[in-house]
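First the structure, in the form of structure tokens, and then the observations on it.
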Amino acid sequence: MKRILIVSQYFYPENFKINEIAVGLVKHGYAVDVVTGLPNYPSGVIANKYRYGKNRNQKYNGVNIHRVHIIARKRGSFFRILNYLSFAYSAARYLKKQNTKYDLTFVYQLSPVLMIYPSLKIANKKIVYCLDIWPESLKAMHISENSLLFHLIHRISKKLYHSVDKILVSSQSFMNYLFRENDISKKDMTFLPQHSLDMKKSKDNGPKMLDNDKKFHFIFTGNIGNVQDIETIIKAAKIASKSNKFIVDIVGEGTNYQSMRQLAETSHTINVKFHGRKPADLMSQYYYEADCCLLTLRNDSEIGLTIPSKLQTYMSSGRPILAAIDGDSRTIITDANCGICVRSSAASELAKAMDKFVELPKSELVTMGNNARNYYLSNFTIDIFMTRLIHIFEGEIKNGN
């Protein structure tokens with residue numbers, strides 16, 4: 001049996017797609033070990049059940065989990081930096097002491113790029129799944145490109161990306177960035193779009209999640225941070241001429257959650273409702289009750305060119321998509337003919353598009369939703385993703401022998 005090591009700062013019970021990938025590898029006959037941190041995302045607080053050395057080794061659907069000590073991310077950039085550094089240090093220290101032989105190491109690289117560092121302590125083939133590009137991601141933290149810190153992280157990022165055998169990218173635009181900024185050869189990169197579990201419900205058999213008010217419901221789900229640009233949604237909902245005919249339901253939490261709630265309150269934007277974070281098993285009901293999914297992303301850096309994983313999730317739900325976004329996501333929505341796109345952060349354009357959606361005939365909404373669903377079934381299912389990933393894994397393992 002081939003053995004895979006996964007290095008990921010985030011893992012179950014935190015809700016990231018690496019959970020499904022790890023379980024999928026087990027189902028395909030691999031032995032899978034995961035080195036991860038102590039769960040504290042997105043709350044920023046480590047639960048009592050993981051404190052004081054408890055539950056460091058666990059099993060999750062056949063996956064072996066080892067949790068290393070980290071400093072909770074809490075709130076603010078200072079603790080987030082400590083959180084990042086503590087995982088890189090603790091995971092590297094743990095792996096340096098291990099004697100287990102692995103056929104391949106797979107790094108699920110969100111932010112920070114330092115997640116790659118612990119994998120260097122294992123002598124085998126290394127594949128990185130790049131979901132956030134560095135050092136570009138620093139700009140989302142308001143760190144200037146001209147600063148000494150940015151230049152330092154740029155050097156570190158370049159060295160880490162060059163230390164692995166293959167980089168998988170979740171967005172085509174990432175290839176150009178990594179080639180240009182970090183001198184990564186395009187032959188060492190492979191495009192692998194993220195997957196989504198199926199969020200479509202065939203019938204309404206769950207508890208009601210949205211208000212039964214006869215209004216049109218736009219829904220935004222997931223992380224609420226600076227990059228997600230909730231501010232544009234609130235502005236658009238406020239100035240739309242048909243604002244009394246729709247509700248924007250925002251389901252999720254994040255670093256900007258409280259500030260966005262406050263913005264909606266102080267601007268008297270009464271047609272925006274915050275639901276907070278909800279269990280994953282309730283999300284399909286939210287999509288079932290919604291009329292349209294909202295996708296927004298800032299484009300003040302190349303992070304705005306990414307494909308947020310919620311796009312695949314939206315498409316799986318069979319709902320049309322209204323997006324204020326640029327880059328690869330716009331291309332996908334256009335190719336699938338499943339919605340309407342306006343420019344990133346263009347609140348007035350988004351408001352006009354909201355007005356348009358409210359008046360669309362039901363048949364047109366259904367057609368766009370079906371187009372989204374069909375595109376998902378052809379490109380973004382977990383089965384398609386796992387087939388592609390395992391093909392890459394086997395090729396790298398074979399080349400390593």
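Computed from a predicted structure; not experimentally measured.
- Remark: side-chain polar atoms of Asp291 are paired, donor with acceptor, to backbone N or O of His217 under 3.5 angstrom.
- Judged purely by atom type and a 3.5 angstrom limit, Tyr286 has no side-chain atom pairing as donor or acceptor with the backbone of Lys278.
- Using the six-membered ring where Trp is involved, Phe218 and Phe216 have ring planes that are tilted, between 30° and 60° apart.
- Tyr161 places none of its side-chain heavy atoms less than 4.5 Å from the side chain of Met189.
- Side-chain atoms of Tyr12 and Asn61 form no donor-acceptor pair, as typed in the model, at a separation below 3.5 Å.
- Residues Phe385 and Pro193 approach most closely at CD1-O, 3.3 Å, considering heavy atoms.
- In this structure, the side chains of Thr313 and Lys17 come closer than 4.5 Å at one or more pairs of heavy atoms.
- For Phe357 and Phe246, the ring centers sit 6.0 Å or farther from each other.
- Ring geometry, Tyr60 versus Phe11: the interplanar angle exceeds 60°, so the pair is classed perpendicular (tilted spans 30 to 60°).
- Put simply, the residue from Val128, Leu5, Ile18 that forms a side-chain contact (heavy atoms from CB on, under 4.5 Å) with Phe106 is Ile18.
- Here the options are Ser196, Ser317, Cys338, the test is side-chain contact (heavy atoms from CB on, under 4.5 Å), and the partner is Tyr376; only Ser196 passes.
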Full working for side-chain contact (heavy atoms from CB on, under 4.5 Å) between Arg80 and Thr255 | CA-CA 11 Å; Arg80 188 181 303 183; Thr255 55; 3.1 Å; yes
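- Annotation: side chain of Leu131 is in contact with side chain of Gln194 (closest heavy-atom distance under 4.5 Å).
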Might you work through the side-chain hydrogen bond (donor to acceptor under 3.5 Å, both in side chains) test for Asn223 and Tyr41, ending with a clear yes or no?
-> CA-CA 10 Å; Asn223 185 47; Tyr41 183 92; 3.3 Å; yes
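- Counting heavy atoms of neighbouring residues, nucleotides and ligands inside a 6.0 Å radius, atom NZ of Lys74 does not exceed 12 of them.
- Using a distance-only test at 3.5 Å, with no hydrogens or angles considered, no donor-acceptor pair links the side chain of Asp103 to the main chain of Ile397.
- The closest side-chain heavy-atom distance from Cys293 to Lys310 is not below 4.5 Å.
- Side chains of Tyr287 and Ser316: no donor on one and acceptor on the other come within 3.5 Å.
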